[in-house]
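Quick note on labels: first sequence line is chain A, next is B, and so on, each numbered from 1. What you see is a predicted model; the values in this text were computed from it and never measured.
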Amino acid sequence: MSRKNPEYDFKWCPGCGDFGVRRALELAMINRLEETGLPMESNVMVAGIGCSGNLVHLLEGPQPYGIHGIHGRTLPIAMGVKMARPELNVVIVAGDGDFLSIGAEHIGPQAARNLNVCAVIMDNGVYGLTKGQSSPTTKEGTITSSTPFGKMEIAADPLELYLTLGVSFIASGFSGNPRRLAELINQGMNHKGFSMVHVQSPCVTYNDTFQLIKGNAKEGIEPMIWDIPEDHDRTDKAAAHALIQKRGLPVGVIYQDDSRLSLDDRVQQIWSKDRQHSVDQLIDAYAI
Amino acid sequence: MQMRDFVVRFAGEGGQGVVTSAEGLAQVSTQVGYHALTYSTFPSQIMGGPTWTQARISDAPILSAGDDVDVLVAFNREAYETHFSEVRDGGVIIYNSNDREFEGFEAEGESRIFGLPIDDLAKSTGNTRAANMVVIGALAHLVNMSQDYLEQFVEQRFRRGRDGDAEIIESNIKAIKLGRAETARSGFALGELAPAKAPDYKQIMLRGNDALSLGAMAAGVEFYIGYPISPATTILLWMERNLVGPGKFAYQVSSEIESITGILGAGYAGKKAMTATAGPGFSLMSEGLGLGWMAEIPVVVVDVQRGGPATGLPTKTEQSDLMACMYPAHGDVRLPVIAVGTVEEAFYGAIWAFNWAERYQGPVILMTEMSLADRVQNIARPDLSKITLESRQTYQGSNGYHRYSGSEMSPMPIPGNPGAYVANGSEHDDMGDTTHLPDRHVQMTERRFNKLKLLEDGYYESENTEASVAVMPWGGSKGPAYEAFLRLQEQEVSLGWYYTMFLHPLPPKLLEELKQKKLVIVPELNYQGQFSSILRSMGVNAHSITQYTGLPFKVRDLVDRITEMTQSPQKEMARA
Ligand SMILES: Cc1ncc(C[n+]2csc(CCOP(=O)(O)OP(=O)(O)O)c2C)c(N)n1
Ligand code: SF4
Ligand SMILES: [Mg+2]
């Protein structure tokens with residue numbers, strides 16, 4: 001919608017990886033619409049603050065609902081939406097800084113709750129919007145605008161982190177292949193529980209990793225990207241762990257645990273008629 | 001001598017029945033037609049450790065916890081040492097002579113004291129749990145409360161249609177009689193409590209936080225999340241037990257940042273959503289409150305004030321969050337603020353808070369304070385048929401709606417229905433798209449402030465409006481201030497009275513009246529004189545009587561300080 005809005009004054013840099021993620025999300029939401037027959041307005045996109053979060057304004061075609069809130073809080077906002085209205089499909093779009101730095105405190109609790117939302121993280125290993133500072137996934141030693149002598153911390157390993165925290169669906173993807181990414185996002189949306197789709201979405205301006213990911217035969221650069229083989233057992237946590245430990249960028253579903261109840265399912269389970277009281281009954285419990 | 005009211009302070013260690021004794025006395029008294037109000041304070045919220053609760057019983061509705069202690073019931077030595085000096089001349093101190101600490105105890109220079117073997121007497125009834133009733137029997141003797149009243153209470157309380165009922169009733173009545181007889185033997189008495197005048201309307205008795213929770217329930221709350229913090233935790237616990245069923249959700253989350261952003265998500269999704277916290281949690285909510293204002297999402301945030309900045313005084317009472325609530329976030333933001341002053345107002349204030357939030361589509365701050373949160377009091381049973389409930393105006397059209405169009409409130413689309421938009425915390429145009437255009441920022445800022453004009457329907461109390469000097473407390477200082485006002489009226493001091501729970505926006509007519517006053521005296525429990533400084537910024541010559549001890553005002557102190565200010569207003573002003 002906003003592309004045709006002259007007042008909207010944010011633009012992604014030409015070639016930014018987030019274009020591919022946007023395409024993938026458009027496809028995934030259309031797929032879902034076709035699969036379920038539910039209207040586009042039954043999707044709510046909760047966006048983080050960063051170049052990535054602007055995706056919510058840049059979608060083309062039929063528009064979902066959106067919240068573009070404050071930095072780092074996509075998960076609890078999404079929890080509010082989902083637990084208020086479990087029938088809505090809630091998707092998070094956020095960057096590595098938003099989700100893994102300022103917002104990191106929210107991942108563990110939502111994983112433990114198995115909140116039934118799908119988070120699509122655009123990892124570019126940098127703070128794009130604030131012009132190139134180091135982020136949790138920036139490699140150790142990298143010189144950025146905020147690490148003039150090289151980054152002093154080791155890089156976070158998001159996939160390993162999600163697995164450890166108990167996220168019940170973990171997929172890894174690449175913005176360079178929107179169709180494949182859309183499939184992963186659809187699987188995440190269909191998963192009954194907390195699903196993470198972690199996407200390498202390069203920032204061409206501050207940390208251009210396209211070549212590293214895709215490789216370049218002429219220059220002798222091996223591609224980082226590889227497809228997770230068909231025979232990977234996604235229900236096996238040890239196998240998922242082993243897969244994450246391999247180098248490079250795996251594409252596919254790493255882990256899925258269907259055995260856990262989601263938070264909204266649990267809440268439904270505790271509803272029982274005898275515990276519900278009218279306001280008058282509640283007041284009368286204090287009668288003198 | 002006939003007495004209109006009396007104050008009993010129960011002091012001891014957590015777990016010794018301090019709170020249950022006080023609340024038991026309040027129950028007995030209200031059931032037979034008296035009025036009761038309890039006030040507690042704890043050094044911390046954990047089990048054990050010194051604690052005390054005070055109950056004031058009267059034949060008329062009660063305004064404050066009472067300045068003087070008529071009877072102290074000391075469950076241990078430390079309690080005696082700490083509190084004996086607060087017992088008025090001619091009062092009585094009862095100590096539990098069965099407590100080991102009192103072995104061989106001689107209270108030097110203290111003639112008002114006697115030992116009551118509480119545990120032995122309870123044991124002799126065959127029901128050790130009747131210890132409370134022994135104490136109540138002792139108090140009944142001191143104020144000559146009718147035995148019929150007490151037996152009537154025991155009968156009602158313990159007749160539950162079970163096999164052992166008769167035995168339990170008998171042992172409790174026996175405990176009362178034993179407590180009475182033992183006290184009679186001591187030779188102490190206070191006087192005769194005026195007979196109860198049972199109100200001719202239905203009543204309930206409950207603590208402030210329960211009243212607030214009930215009010216929220218009556219207002220139609222559907223979504224509650226919170227993080228434990230004294231003195232707001234009891235609201236979370238109440239909601240988790242009672243806000244259950246389809247379409248409802250009550251839940252403990254992992255921080256106040258989750259609380260505020262979570263209720264914003266729920267409010268956006270169409271629910272009446274609320275959280276409650278105390279100062280430290282409120283500070284963490286600042287950025288989220290700004291988001292609610294900016295994106296225009298209705299939510300209710302309760303601040304149950306405690307003392308001090310940072311961790312401060314978690315279990316003491318203070319009114320020092322007013323500035324934080326009036327100016328809760330960065331940028332140009334003013335949220336509506338309602339501050340309740342009584343247990344009854346906690347119920348109605350919650351309903352107003354929801355109605356306002358729904359009407360102007362934004363966050364509303366509902367303030368209360370520790371001394372009200374834990375206060376147990378009898379109030380008239382709310383009549384739900386007299387309550388008006390409001391719900392936000394929702395958008396009913398098709399897609400392509402511009403959610404933020406116009407210079408005032410506009411209908412709100414609800415996810416799942418046509419009218420998709422982005423609720424945006426960045427400055428935005430009428431569609432919700434981010435923009436930095438100067439004209440838009442002007443228009444949207446004015447739109448947000450214009451919406452506050454929808455909230456000028458708050459009411460206020462006023463008396464003696466012709467006086468040029470008036471007293472106007474806020475929040476929980478209402479009770480002691482009104483009692484002080486009544487006393488000053490008896491002394492024929494010319495003084496006006498104003499009070500409202502609607503602190504922002506203030507009822508416009510009230511503000512006009514206040515501006516006419518030579519002096520408006522604001523008793524408030526903080527150092528800076530927070531409310532008076534806000535009133536001064538609005539053109540009212542307001543000056544505070546401050547106190548920052550962590551305790552509520554005493555009526556006597558207010559009488560003295562108001563008198564001083566009315567006599568030499570200049571002097572006090574220099575101090576404020
Ligand atoms: C509370 C707060 N702190 C800091 C900022 C400034 N800020 C905006 S975006 C951002 C980092 C964005 O990085 P990332 O999430 O990786 O998004 P990207 O731009 O790389 O897509 C920061 C620090 C803010 N908006 N709010
Ligand atoms: S700065 Fe980087 S992340 Fe941001 S739009 Fe440009 S390329 Fe994309
Ligand atoms: Mg980034």
Side-chain angles (χ1 to χ4, degrees), chain A residues 1-2 5 7-10 39-47 49 54 56-57 62-85 87-88 90 105-106 108-109 263 267-268 270-273 275-277 279-280 282-288, chain B residues 27 30-31 202-206 210 214 217-218 222-223 225 242 244-246 249 251 253-255 257-258 261-271 273 287-288 290-291 295 378 381-382 384 399 413 415-426 429 431-437 440:
Chain A
M1 144 172 65
S2 310
N5 179 356
E7 276 194 37
Y8 180 67
D9 45 15
F10 176 85
M40 186 52 89
E41 299 84 56
S42 69
N43 295 298
V44 176
M45 188 172 279
V46 182
I49 304 298
N54 277 282
V56 70
H57 300 288
Q63 298 290 309
Y65 272 82
I67 306 191
H68 200 187
I70 46 177
H71 193 34
R73 313 301 166 200
T74 55
L75 276 172
I77 293 174
M79 172 179 66
V81 176
K82 185 69 189 180
M83 297 316 294
R85 302 275 308 284
E87 73 277 15
L88 298 171
V90 182
E105 70 198 56
H106 305 296
L263 184 61
V267 169
Q268 284 208 21
I270 59 167
W271 294 344
S272 68
K273 284 250 164 13
R275 290 185 53 183
Q276 292 168 38
H277 302 289
V279 180
D280 271 313
L282 290 170
I283 292 176
D284 285 333
Y286 298 95
I288 289 176
Chain B
Q27 258 174 359
T30 52
Q31 201 134 92
K202 279 194 193 165
Q203 293 191 101
I204 56 176
M205 187 167 72
L206 72 181
D210 289 357
L214 270 178
M217 210 71 167
E222 298 164 287
F223 190 101
I225 54 179
N242 297 305
V244 288
F249 185 59
Y251 188 60
V253 292
S254 43
S255 72
I257 293 180
E258 286 204 340
T261 49
I263 62 168
L264 286 170
Y268 160 84
K271 297 285 180 174
E287 193 189 15
L291 172 59
N378 59 309
R381 185 198 189 283
L384 294 180
N399 277 328
N417 306 294
Y421 73 105
V422 178
N424 200 342
S426 301
D429 62 17
M431 287 185 259
D433 285 338
T434 308
T435 182
H436 301 86
L437 296 179
R440 275 295 185 200

Part of A:Leu88 lying under 4.5 Å from any heavy atom of chain B
side chain
Given the options B:Asn378, B:Val253, B:Ile263, which has more heavy-atom pairs under 4.5 Å with chain A than any of the others?
B:Val253
Side chain / backbone / both / neither for B:Leu384 at chain A, heavy atoms under 4.5 Å
side chain
Any idea which of B:Glu222, B:Met217, B:His436 has the most non-hydrogen atom pairs under 4.5 angstrom with chain A?
B:His436
When you measure from the side chain of A:Arg85 to the backbone of B:Pro415, do you find a donor-acceptor pair of N or O atoms at a distance under 3.5 Å?
yes
Leading residue by heavy atom contact count with chain A [cutoff under 4.5 Å; candidates B:Ala266, B:Gly245, B:Gly432]
B:Gly245
Residue among B:Gly419, B:Ala273, B:Gly288 with most heavy-atom pairs under 4.5 Å to chain A
B:Gly419
Nearest heavy-atom neighbours spanning B:Asp433 and A:His57
OD1-ND1, 3.2 Å
Are A:Ile77 and B:Tyr268 close enough, and set up right, to give a side chain to side chain contact (heavy atoms under 4.5 Å, CB included), and what steps lead you there?
CA-CA 9 Å; A:Ile77 293 174; B:Tyr268 160 84; over 6 Å; no
Which atoms of B:Ala295 approach chain A - backbone, side chain, both or neither, heavy atom under 4.5 Å
neither
What's the verdict on side chain to side chain contact (heavy atoms under 4.5 Å, CB included) for B:Ile257 and A:Glu105, showing C-alpha distance, side-chain angles and the deciding distance?
CA-CA 10 Å; B:Ile257 293 180; A:Glu105 70 198 56; 4.1 Å; yes
Between B:Ala423, B:Gly425, B:Ala269, B:Gly262, which has the largest tally of heavy atom pairs under 4.5 Å with chain A?
B:Ala423
If you take all heavy atoms of B:Ser254 and A:Pro109, which pair is closest and at what distance?
OG-CG, 3.3 Å
Keeping A:Arg73 on the side-chain end and B:Thr261 on the backbone end, is there a donor-acceptor pair under 3.5 Å?
no
